[in-house]
Colleague: 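Structure incoming, see below.
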Amino acid sequence: MNWLCVLTGGDVCITGHDTGPVFEEQPGSLIYPEGLSDGKVTLNCQARASPAATYRWRVNGTDVLVGDPRYTLVAGNLVISGPQSGRDGGSYQCLASNRCGTILSRAANLKFGYLHDFPGEGRSPQTAFEGAGAFLACQPPAHYPALSYRWFINEFPNFVKSDGGRWFISQVTGNLYLAKAEPNDAGNYFCFTTINLDISTKSTFSKPSQLTVQPDGTAVSNPRRSAPAIKVRFQTETYALAGQNTNLECFAYGNPVPKLRWRKVEGLLPSKAGASAEGPILTLPEITFDDEGIYECEAYNSEGRDTHQGRIIVQGTTYSHLYSHYTQTHTDTSHSPLHVGIHINSSLLLSQDRVEVNGGHLKIVNLALEDSGMYQCVAENKHGTIYSNAELRVQVQAPDFRSNPVRRLIPAARGGQVMMECRPRAAPKPTLFWSRGTELLTNSTRVTVTPDGILWIYNISRADEGKYTCFAENYLGKANSTGHLSVRDATKITLAPSNADINQGENVTLQCHASHDPTMDLTFTWALNGALLDLENPAGPTRLQLMNTSPLLMNGQLNQAGTYSCTAQTVVDSATASAKLVVRGPPGPPGGLVVKNVAETSVELRWSRGYDNHSPIGKYVIMSRSPLSPGWRRMRTVPPNIEGNAEAARVIGLSPWMDYEFQVIASNILGSGEPSMPSHTVRTQQAAPTVAPSGLGGGGGDRNELIITWTPMAREYQNGDGFGYILAFRKLDSATWMVERVANVESSRYVYSNQSLSPYCPFEVKIKAYNRKGEGPFSQIALVHSAEEEPTVAPSRINATALTAFDVQVSWDPVQQLSIRYWRQHEREAAADRVRTAGLETTARVTGLRPSTRYHVTVLAYNSAGTGPASPRTTVTTRRPPPDRPPANVSWKTDGSWVTVRWDHVKALDNESAVLGYKVLYKHEGQSALKVLDKGKNSVTLPLPKDNGYVVLEIRSSGEGGDGAAHETIVSQPGFMGI
């Protein structure tokens, strides 16, 4: 049967079938162009309801007469034809109703937008001085809503641009600002305004404002410089609505043009400000309460700075939540006063009789049918109104067991206990009692009837079997439901699991068997330390496999030790038995590691013992790492072998003035355990250096200089701060050392200058390191020479001989190291190419030359100080080039394991060098190097490789000009391939 909720008007809301209205679309505010009389406005309203909702509208609290031809209701939407400002403007709300109740939509404002024209009279001319700031007022006409502003100069659409920050258009006033006037800024300026409405856009522009730019009277070509002066200032208090975009404007005069930057005085500027943080308009998208605070605009240039500050105060819209069954509340995150009210079926609800309304809290006592309906919590502040809806249904019903009867068969174990529930549907709450047969059950030592109708029977026996009936009654009627209690044999563990002791990695089986009532199914579950195990997933974290009713633990791990419980369970009872599993393994990590008594090369460590995991700890090792060796490595200790009962040791062999972390690892006969947590980082004490710098050498440089070089000391050898180097040097065979200190740890070079220093003078040099704690040992003595002088003598007896068309040979009498310069006859000497020789060579080959070309050649001596004078020049002409044609008509004939190859002679042209013979380059299959044969004839006989291999041949002409172009071929047995 269906129970009914009676509402106003006698209509009924059917429980389980009907639902009250819920808005799916609500009207939104819009702005309609004023004077557009032939258009239409549509205010949307749609609600989900069963049965379907009907709709009506209110404007400014008065019902809209849909019979008026100007108003049309399309589904729930209100269409207004030919809207007029004075007649149709206002606040509209939609009401959606069905027999379950009525809800009221949020208010939607219909407003009319307009933009009048600028006045027709002209504007006064404006004068600006070059280098100074200026502004032109827009003075926009009457309008609604807010405008957007642009300016154009002289003619449309030549709009004013920022020009590196010189120009700025305020979107608050529309005024045009100029940071620094320039002569070409003169012209006629027009303020261009635009209004954007929901269905149209309108623009208009002003009469021209003439701007004249005059010299500043001091320096026509160089206007006077000035510090920034902020002229566009945002308000000292700006109220912003949470979730909306907020803009702050700031602009300054100045020469040079000031740059702008923004900051939040207390805290960081929100990152969402983006590039606007360095512009005239700071934009904060979707502002939140975290963005509240004091903001500062700073204008700066090379002449000074100016600042302006103001506070942003964020105000929130209201939102509300309906909670519990009959209680409503609200939460307010705004800074403005909030009013909260509660409506029922669109009417304001006030406290009276059984109803108590306290702000956003509603309490109804002794609910009655007439309390059913649609409830709305309405929260309102100056930023808007928001609604939260809920449907309340008051039900009445006589007791009914049809949907939730007492269980027909209730099995229970002998000696156990059983619970029988009695949960009929009823409103108001019924009186409940139980009977067995004709016997009314009351509380006793074995029977308990709870106030909510639950029957408990303890220590069950066969005599308790039978029918049990629950009776329910309220003022609307009575009902009862009966179940049969069946007593079964109890479940018992017949083979309990045994305690076990294994080593890590071993397997173990835990057995469990039980007896039970044969009419019931028996299941087994296992738990470890009370947590149920998943035996269906052998790859799971416990790695357990179920063998019949007993789990097999594979590769036992330390975390699998504990108490295992086997539970045998039927639908009426269960039995449990437990066993302890001990898993022996490597020790756990030591704890409480501390570092004490830090010295130059040693520290003392103390720790506490970790778990031995059922196997005594045999020893400890200590590991460390430092910035120079990020991996962990074993350290030397005192004592060298740390026994398992120790809780302290000294680490030795550390580097002074070095950062270290330490770990301790315990081990037993089953292996090494996990390391302890790393210690805090400690730095060893400083000590004097113990090694000398390496790589001592030097030489070279300018005249009168001695250059000494070395390899900078690595961090691990510095041993302390205040690090540097001490150099000692003296002339060879001198008894007096000169000493210099170099204070930079990164230094690798020292230059000693002395005008009396002889060229290439030998010095003995040694070096040592020092720091705040003292000096280290000197290095071995190195021999270093002072700088050389440039050579002063030119080479003599220069001779140049052409070898081929591309190479010449140059020879001379020896003078130290030499540099050869060569250039073509018609080139300048400044463009000459060079070839260098090393040591005391007396010849050099110059390659890569052009054939049949005359070259000039000079030879110069050089050393580390520079290059000496050039020798007298000599000339040489390269030979004519070899023929650029390969030998033609190449043929061959095989004879057993030999092949004879023949070709035609190559004839040289007049401009080519004569052919004196031929070069044959060949290699057998699998060889990498070519063999060369010089032949005067035009044929050659070669052995063929065995196993049907092949021969690779190159044949080319040869003469004074060099080798000519090659003919390449492959010869095989018995056939051949040509390339």
Side-chain angles (χ1 to χ4, degrees), residues 1 3 16 395 397-496 512-527 530 532-533 535-536 549 565-578:
M1 61 183 294
W3 292 93
Q395 299 180 352
Q397 183 175 356
D400 187 353
F401 281 98
R402 286 178 300 175
S403 61
N404 193 20
V406 174
R407 289 173 59 193
R408 291 186 178 181
L409 179 62
I410 307 165
R414 189 168 51 189
Q417 63 184 28
V418 68
M419 178 188 74
M420 288 180 266
E421 291 187 314
C422 179
R423 298 191 182 280
R425 294 188 62 182
K429 185 177 179 179
T431 301
L432 302 174
F433 57 92
W434 284 86
S435 72
R436 181 186 179 194
T438 59
E439 177 187 1
L440 182 65
L441 298 179
T442 59
N443 290 342
S444 66
T445 56
R446 294 181 54 246
V447 176
T448 300
V449 180
T450 66
D452 56 356
I454 296 177
L455 171 63
W456 286 92
I457 304 176
Y458 306 97
N459 193 18
I460 294 173
S461 68
R462 290 286 185 184
D464 294 318
E465 278 193 334
K467 293 184 178 181
Y468 290 79
T469 303
C470 176
F471 294 88
E473 180 180 355
N474 66 13
Y475 74 92
L476 294 172
K478 300 177 182 180
N480 63 76
S481 180
T482 300
H484 180 79
L485 175 64
S486 175
V487 179
R488 313 292 175 89
D489 291 336
T491 303
K492 297 180 181 179
I493 299 292
T494 57
L495 177 60
C512 183
H513 293 250
S515 64
H516 66 294
D517 190 294
T519 64
M520 310 189 74
D521 292 330
L522 180 68
T523 59
F524 286 87
T525 59
W526 286 82
L532 195 64
L533 298 178
L535 301 182
E536 301 297 328
T549 60
S565 300
C566 166
T567 300
Q569 188 168 5
T570 67
V571 295
V572 298
D573 69 341
S574 63
T576 301
S578 300

Colleague: State, to 0.1 Å, how close Gln417 and Trp456 come at their nearest heavy-atom pair, and which atoms those are.
Modeller: NE2-CZ3, 3.7 Å

Colleague: For residues Asn404 and Pro424, determine if any side-chain heavy atom of one lies less than 4.5 Å from a side-chain heavy atom of the other.
Modeller: no

Colleague: Do Ile410 and Ser486 have side chains that approach each other closer than 4.5 Å (heavy atoms only, starting at C-beta)?
Modeller: no

Colleague: When rounded to the nearest 0.5 angstrom, what distance separates OG1 in Thr448 from CG in Leu455?
Modeller: 8.5 Å

Colleague: Rounded to the nearest 0.5 Å, what separation is found between the OG1 atom of Thr442 and the CD atom of Glu439?
Modeller: 8.0 Å

Colleague: Any heavy-atom pair between the side chains of Met420 and Arg407 that's under 4.5 Å?
Modeller: no

Colleague: Would you say the side-chain atoms of Thr570 pair up with the backbone N or O of Asp521, donor to acceptor, closer than 3.5 Å?
Modeller: no

Colleague: Shortest non-hydrogen contact from Asn474 to Ala398?
Modeller: OD1-CA, 3.8 Å

Colleague: Would you sort out whether Met520 and Arg488 count as a side chain to side chain contact (heavy atoms under 4.5 Å, CB included), showing the intermediate values?
Modeller: CA-CA 9 Å; Met520 310 189 74; Arg488 313 292 175 89; 3.4 Å; yes

Colleague: Which residue pairs pass the side chain to side chain donor-acceptor pair (under 3.5 Å) test when at least one of the two sits in residues 457-471, sequence neighbours left out?
Modeller: Arg446-Asp464, Arg462-Asp489, Thr469-Thr482

Colleague: Quick one: pull up CZ in Phe471 and CG in Leu440 and give me the separation to the nearest 0.5 Å.
Modeller: 9.0 Å

Colleague: Are the side chain of Asn480 and the backbone N or O of Cys470 linked by a donor-acceptor pair below 3.5 Å?
Modeller: no

Colleague: Is there a side-chain contact between Met419 and Ile454, using heavy atoms and a 4.5 Å cut-off?
Modeller: yes

Colleague: Tell me the closest heavy-atom pair linking Leu485 and Ala412, and the distance in Å.
Modeller: CD1-CB, 3.8 Å

Colleague: Any idea which heavy atoms bring Ala490 and Asp573 closest together, and the distance?
Modeller: CA-OD2, 3.4 Å

Colleague: Testing the basics here: between Cys422 and Gly453, what is the closest heavy-atom pair and its distance to 0.1 Å?
Modeller: CB-O, 3.3 Å

Colleague: What I'd like to find out is whether the side chain of Pro411 reaches to under 4.5 Å of the side chain of Val571, using heavy atoms alone.
Modeller: yes

Colleague: Mind checking the CH2-OG1 spacing from Trp526 to Thr567? Nearest 0.5 Å is all I need.
Modeller: 9.0 Å

Colleague: I'd like to know if the side chain of Asp400 and the backbone of Arg425 have a donor-acceptor N/O pair within less than 3.5 Å.
Modeller: no

Colleague: So Lys492 and Ser515, do their side chains get closer than 4.5 Å, heavy atoms only?
Modeller: yes

Colleague: Can you list everything that forms a salt bridge (charged side-chain N to carboxylate O under 4.0 Å, His left out) with Arg423? Sequence neighbours excluded, please.
Modeller: Glu421

Colleague: Say whether Ser565 and Thr576, considering side chains only, have a donor N or O and an acceptor N or O under 3.5 Å apart.
Modeller: no

Colleague: For the atom pair OG (Ser435) and CG (Leu441), what is the distance rounded to the nearest 0.5 Å?
Modeller: 6.5 Å

Colleague: Work out which heavy atom in Ala479 is nearest to a heavy atom in Pro399; give both atom names and the distance.
Modeller: CB-O, 3.4 Å

Colleague: Report yes if the side chains of Leu522 and Thr491 come closer than 4.5 Å at any heavy-atom pair, otherwise no.
Modeller: yes

Colleague: Please name all residues satisfying side-chain hydrogen bond (donor to acceptor under 3.5 Å, both in side chains) with Asn443, sequence neighbours left out, ordered by chain then number.
Modeller: none

Colleague: Kindly indicate whether the side chain of Val418, heavy atoms from C-beta on, has any atom under 4.5 Å from the side chain of Ile460.
Modeller: yes

